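Worksheet: the structure to be examined is printed underneath.
None of these values were measured; they are calculated from a predicted model. Reminder, nothing fancy here: chain letters follow the sequence lines and each chain counts from 1.
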Protein chains: 2
Amino acid sequence: MKVSETAPVEPAWHAGPTMCSERLLLEHITSRWGVLILIALLGRPYRFGELRRAIGRVTEKMLTQTLQTLERDGLVRRDAKPVIPPHVDYSLTDLGREAAEQIRALARWTEERMPAVEKARGGYDAGRA
Amino acid sequence: MKVSETAPVEPAWHAGPTMCSERLLLEHITSRWGVLILIALLGRPYRFGELRRAIGRVTEKMLTQTLQTLERDGLVRRDAKPVIPPHVDYSLTDLGREAAEQIRALARWTEERMPAVEKARGGYDAGRA
DNA sequence: CAGCATCCCCGCAGATACTG
DNA sequence: CAGTATCTGCGGGGATGCTG
C-alpha cells in the first residue's frame with residue numbers, strides 16, 4: 001500500500017500468510033516489547049539484564065527475540081564484548097532512533113488523549129447497557 | 001509507563017492479563033486492520049462495503065470488529081441512516097484524525113526507510129549463513 | 001551474564017452460515 | 001447492505017530447564 005496516497009487503499013499491503021515487509025517492519029516497531037525497548041534505548045544504551053529489569057515483566061525469551069528482530073531490521077545495534085562473564089550492550093542505530101522517536105510520539109499521544117478516550121469508551125458502553 | 005520520561009521504563013504499562021488502557025489503545029491503532037482503516041478514512045468517509053472493497057482481503061468479521069473497537073475508543077464515528085437497505089457511513093472524529101495522521105506518518109516512514117531495512121536484513125542474514 | 005531449547009496453552013484471525 | 005453467531009486452527013507468548 002502506498003500510504004502516500006490516502007485513498008483508495010491498495011490491497012495486499014498487509015495480510016495473508018505472506019505479509020509484506022513494510023507491514024512486518026511496522027509490526028516489529030509497534031509490537032508489545034518493541035515499543036518499550038525502542039523508548040528505553042532512546043534514553044541510553046542498556047545491557048541485556050539491565051534492559052530486562054528496566055522494562056519489567058518481560059521474559060528472557062521475548063526480550064531476546066524482540067532484540068534480534070530489531071537488530072535484523074537495522075534498528076538496534078548489538079555490541080558483544082568478548083569477556084567473561086559476557087557483556088552485551090544494546091543501543092539504537094540512526095534508523096532505530098528515527099523509529100523510536102516516532103513511536104515515542106505516538107505513545108505520548110496515547111497518554112495525552114487517554115482521558116478523552118476513556119470518556120468515549122464510557123459513553124459507548126453506557127449506550128449499550 | 002510514563003513515556004515522557006525516557007528511562008527507566010516503568011513496569012506494568014503493558015503486559016499481563018490486564019493490559020493497561022494506554023497499551024490497548026496503541027494496540028488498536030497499530031493493529032493490522034486498524035492502520036488501514038484509519039489511513040483510508042483520512043482520505044474521506046466510507047460506507048461499510050466500500051471500505052471493505054477499498055482495503056481488500058479483510059473479512060466482514062474483522063472489519064466490523066475493528067470498526068467497533070475504534071468507535072468505542074472515540075476515533076471513528078459511525079453514522080447509520082435508518083433506511084432500507086441499510087446505509088452506514090464511517091468517518092474519523094477529531095481524535096481519530098490525530099491518531100490517523102500519526103500512524104500515516106509512521107507508515108510513510110516505513111516506506112521511505114524500507115530500502116535501508118532490507119539492506120540491514122540482508123546483511124544480518126548473510127552473517128549467519 | 002546472556003542467552004538457547006522445549007513444551008504447552010489460549011486467544012485471535014479466518015471460514016462459514018445465518019438475519020433484520 | 002450491514003451486520004451477527006459459531007466453529008476451528010495455529011502460532012505468539014509465557015513457563016521452565018539447560019549452557020558457554
Select base, sugar-phosphate, or nothing to describe what [X] touches, counting heavy atoms under 4.0 Å on all strands.
{"X": "B/Q65", "answer": "sugar-phosphate"}
{"X": "A/Q68", "answer": "sugar-phosphate"}
{"X": "B/R52", "answer": "nothing"}

Whole Å only: how far is the [atom1] atom of [X] from the [atom2] atom of [N]?
{"X": "A/E60", "N": "C/dA5", "atom1": "CD", "atom2": "C1'", "value": "13 Å"}
{"X": "A/R53", "N": "C/dG3", "atom1": "CZ", "atom2": "P", "value": "13 Å"}
{"X": "A/K81", "N": "C/dC1", "atom1": "NZ", "atom2": "P", "value": "16 Å"}
{"X": "A/I37", "N": "D/dG13", "atom1": "CD1", "atom2": "C1'", "value": "14 Å"}
{"X": "B/I84", "N": "D/dG3", "atom1": "CD1", "atom2": "C1'", "value": "15 Å"}
{"X": "B/L63", "N": "C/dG14", "atom1": "CG", "atom2": "C1'", "value": "14 Å"}
{"X": "B/H87", "N": "D/dC1", "atom1": "NE2", "atom2": "C1'", "value": "10 Å"}
{"X": "A/R128", "N": "D/dT4", "atom1": "CZ", "atom2": "P", "value": "8 Å"}

Within the structure, does a side-chain N or O atom of [X] lie under 4.0 Å from either OP1 or OP2 of [N]?
{"X": "B/R78", "N": "D/dG3", "value": "yes"}
{"X": "B/W33", "N": "C/dC12", "value": "no"}
{"X": "B/R47", "N": "D/dA2", "value": "yes"}
{"X": "A/R32", "N": "D/dG13", "value": "no"}
{"X": "B/Y90", "N": "D/dG3", "value": "yes"}

Please test B/D79 against B/Y90 for side-chain contact (heavy atoms from CB on, under 4.5 Å), starting from the C-alpha separation and ending with a verdict.
CA-CA 6 Å; B/D79 197 6; B/Y90 289 95; over 6 Å; no

Which of the following nucleotides, D/dG13, D/dA15, C/dA2, is nearest to the side chain of A/M62?
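Nearest to the side chain of A/M62 among the choices is D/dG13.
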
Go nucleotide by nucleotide along DNA chain D from the 5' end; which of A/S31 and B/P85 gets its closest nucleotide reached first?
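It is B/P85, whose closest nucleotide lies nearer the 5' terminus.
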
Residue pairs fulfilling side-chain hydrogen bond (donor to acceptor under 3.5 Å, both in side chains) with at least one residue in residues 59-75 of chain B, sequence neighbours excluded:
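Sorted pair list: A/R121-B/D73, A/D125-B/R72, B/H28-B/D73.
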
Do A/R108 and A/E112 sit within salt-bridge range, that is, some charged N less than 4.0 Å from a carboxylate O?
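Between A/E112 and A/R108 there is no salt bridge, as every charged N stays at least 4.0 Å from the carboxylate O atoms.
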
Side-chain heavy atoms of B/R32 within contact of A/M19, under 4.5 Å
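Of all side-chain heavy-atom pairs linking A/M19 with B/R32, at least one is under 4.5 Å.
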
Is it true that the NZ or CZ of B/R52 lies under 6.0 Å from the centre of B/F48's six-membered ring and within 45 degrees of the ring axis?
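Not flagged: B/R52 not positioned over aromatic ring of B/F48.
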
Has the side chain of A/K61 got a donor or acceptor that lies under 3.5 Å from a partner of the other kind on the base of D/dG13?
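Pair found.
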
